[in-house]
Amino acid sequence: MGGSRTQTMERNATITRSLMAQFNISDIIVIVAYFVLNVAVGIWSSCRVSRNTLSGYFLAGRNMAWWPIGASLFASSEGSGLFIGLAGTGAAGGIAVAGFEWNFNPTEINCSELQYQTQPATFILLALAWIFVPVYISSGIVTMPEYLQRRFGGERIQMYLSGLSLLLSVFTKISTDLYSGALFVQVCLGWNLYLSTVLMLVVTAMYTIAGGLAAVIYTDALQTVIMIVGAIVLTITAFNEIGGYQNLEKAYASAIPALVVPNTTCHLPRADAMHLFRDPVSGDLPWTGMTFGLTILAAWYWCTDQVIVQRSLSAKNLSHAKAGSILASYLKMLPMIFIIMPGMISRALYPGRCQDNHHPWDVQEQVYTSPHIKEKDNPQNSENSEKLGATVNRNTVYRRHGGQIS
């Protein structure tokens, strides 16, 4: 146990040194400039509004224009967790995960033929601005728990929703975004995972606590520009690597990993990978649930969640709140092209790579040189190499998934 742990630590240290060796002074300057720019925008925006009042601190003085509101709505829902999750799910199963960003009329959509007959799922955002926000504004609230208190009376329901929202936010949103963001920094820069987490917390807290909602909205707008520009560059580069969109379906269908699980098909690319609507019985993301069930969840998230509603309530007037929702609706149509499809392309370009201890390794090399596999068990030294090879691969997958074959 101790030897294996030591080998893992040494291997991680080697990867860290290798990653850092790939960076030059210009890369470090860009990273530092990014953090400095975030803090600068947060400080500048905090000086634009009065933070001495409840409305000034929590609702940015109710003086926000439509464009930062729309950008902030988009950035609030497209954190690091979604960037990694959408790309990874796209690599695993195709474009159907876009249903979490969109919602559809129940009409067959085949992206391999470029036939789109969709209505953005983000119509729920329009319901927020046209139906819910007018009610919230007329009640004069600052938070959603306060609305329930005024609507139904008593403080118990207000305290209950406050506590529930806080727990849900910490365990389902903040924690995953922090981890995925720190994981991304660790993989790219080789920094310690906990150091990356603390750094993000400190930088965010500097302008959030000092500037209130105004600082959050303007830094979200900055993040939106950076995310979109970076995603466009990544998408263009990815499509150039595979020879254009017309080759995506063929390249993805042939992306079979070197490490497979015998007698299963979970490692194979799905035949319906380029279909947004999938079979309601055999599909991994059935169109019935993505169309009807997901709409209910979307209504809760976009129309009653404190993080989202608070940004709409900060608008100068109802017209700016509506325009912000329209902008966010259009921006929410981008992730399928700029996040999900690059994830699919990554599988097509690197079918023989896997993730272990958050670092990429060559599958065949790791299978046959793993310290958990004895030398005599190497398929190359066995009389029945094909049978032993399957056994080795199966055992390796078993260990990596915490004792469960997937």
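For reference, positions follow the sequence shown, starting with 1.
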| task | Heavy atoms only: give me the nearest Ser325-Ala129 pair and the separation to one decimal. | result | OG-CB, 3.4 Å

| field | Chi angles and distances behind the side chain to side chain contact (heavy atoms under 4.5 Å, CB included) call for Arg311, Val216 | value | CA-CA 10 Å; Arg311 284 149 176 77; Val216 173; 3.1 Å; yes

| field | Between CG on residue Leu183 and OG1 on residue Thr176, distance to nearest 0.5 Å | value | 12.0 Å

| Would you say the side chain of Tyr179 lies within less than 4.5 Å of the side chain of Thr197, judging by non-hydrogen atoms? | no

| request: Working to the nearest 0.5 Å, report the span between CG of Asp272 and CG of Asp279. | output: 8.5 Å

| field | Pairwise distance OG1(Thr143) to CD1(Ile141) - rounded to 0.5 angstrom | value | 6.5 Å

| field | Any side-chain heavy-atom pair of Glu78 and Ile339 under 4.5 Å | value | yes

| said: Looking at Tyr301, I'd like to know if its OH atom is crowded, meaning that more than 12 non-hydrogen atoms belonging to other residues, nucleotides or ligands lie closer than 6.0 Å. | reply: yes

| Quick one: does Arg270's side chain have a donor or acceptor within less than 3.5 Å of a partner on Gly94's backbone? | no

| Is any side-chain heavy atom of Tyr147 less than 4.5 Å from a side-chain heavy atom of Leu161? | no

| task | Kindly give the heavy-atom pair with the smallest separation between Val97 and Gly90, and that separation in Å. | result | CG1-N, 4.4 Å

| task | Write down the atom of Leu248, the atom of Ile345, and the distance for their closest heavy-atom approach. | result | CD1-CG1, 3.6 Å

| Ser165 and Gln306, any side-chain heavy atoms less than 4.5 Å apart | no

| CZ on Phe132 to CD1 on Ile124, rounded to 0.5 Å | 8.0 Å

| request: Return the minimal non-hydrogen interatomic distance between Gly324 and Ile69, and the atom names on each side. | output: CA-CG2, 4.3 Å

| Would you say Ser254's side chain and Ala251's backbone share a donor-acceptor pair under 3.5 angstrom? | yes

| Audit row: Asp220, Ser76, side chain to side chain contact (heavy atoms under 4.5 Å, CB included) steps and yes/no | CA-CA 7 Å; Asp220 279 350; Ser76 298; 3.5 Å; yes

| request: For Ser72 and Ala221, indicate whether the former's side chain and the latter's backbone hold a donor-acceptor pair under 3.5 Å. | output: no

| request: Look only at the side chain of Ser138 and the backbone of Val135, and say whether a donor-acceptor pair between them is shorter than 3.5 Å. | output: yes

| Would you find a donor on one side and an acceptor on the other, under 3.5 Å apart, between the side chain of Arg62 and the backbone of Leu59? | no

| request: Using atom types as modelled and distance alone, determine if a side-chain donor or acceptor of Ser169 lies under 3.5 Å from a backbone N or O of Leu166. | output: no

| said: Can you confirm whether more than 12 heavy atoms, excluding those of Leu195, are under 6.0 Å from its CG atom? | reply: yes

| Are any of the side-chain heavy atoms of Asp305 and Lys173 separated by less than 4.5 Å? | yes

| Heavy-atom side-chain proximity of Val142 to Leu313 below 4.5 angstrom | no

| For Asp177, does its backbone N or O pair with a side-chain atom of Ser180 as donor and acceptor, under 3.5 Å? | yes

| task | Please report the shortest heavy-atom distance between Ser314 and Ala60, naming the atom on each side. | result | CB-CB, 4.3 Å

| Sub-4.5 Å side-chain heavy-atom contact between Met206 and Asn38 | no

| query | For Tyr160 and Leu148, what are the C-alpha separation, side-chain angles and deciding distance, and is it a side chain to side chain contact (heavy atoms under 4.5 Å, CB included)? | reply | CA-CA 10 Å; Tyr160 169 75; Leu148 285 186; over 6 Å; no

| task | Using the six-membered ring wherever Trp is involved, compare the ring planes of Tyr245 and Phe239 and label them parallel, tilted or perpendicular (cut-offs 30° and 60°). | result | tilted

| field | Donor-acceptor pair, side chain of Thr204 and main chain of Leu201, under 3.5 angstrom | value | no

| Tyr252 side chain vs Ala91 backbone, donor-acceptor pair below 3.5 Å | yes

| task | Output the distance between atom CZ (Phe123) and atom CG (Leu126), rounded to the nearest 0.5 Å. | result | 9.0 Å

| said: Testing the basics here: between Cys303 and Val309, what is the closest heavy-atom pair and its distance to 0.1 Å? | reply: O-CG2, 3.5 Å

| Taking it one step at a time, do Met290 and Phe277 satisfy side chain to side chain contact (heavy atoms under 4.5 Å, CB included)? | CA-CA 8 Å; Met290 299 298 286; Phe277 280 99; over 6 Å; no

| Measuring from Met341:CE to Leu234:CG, what's the distance to the nearest 0.5 Å? | 13.5 Å

| said: Heavy-atom count check: over 12 atoms from other residues, nucleotides or ligands less than 6.0 Å from Leu167 CG? | reply: yes

| field | Thr291 side chain vs Thr288 backbone, donor-acceptor pair below 3.5 Å | value | no

| request: Could you tell me whether the side chain of Phe100 reaches within less than 4.5 Å of the side chain of Leu285, counting heavy atoms only? | output: yes

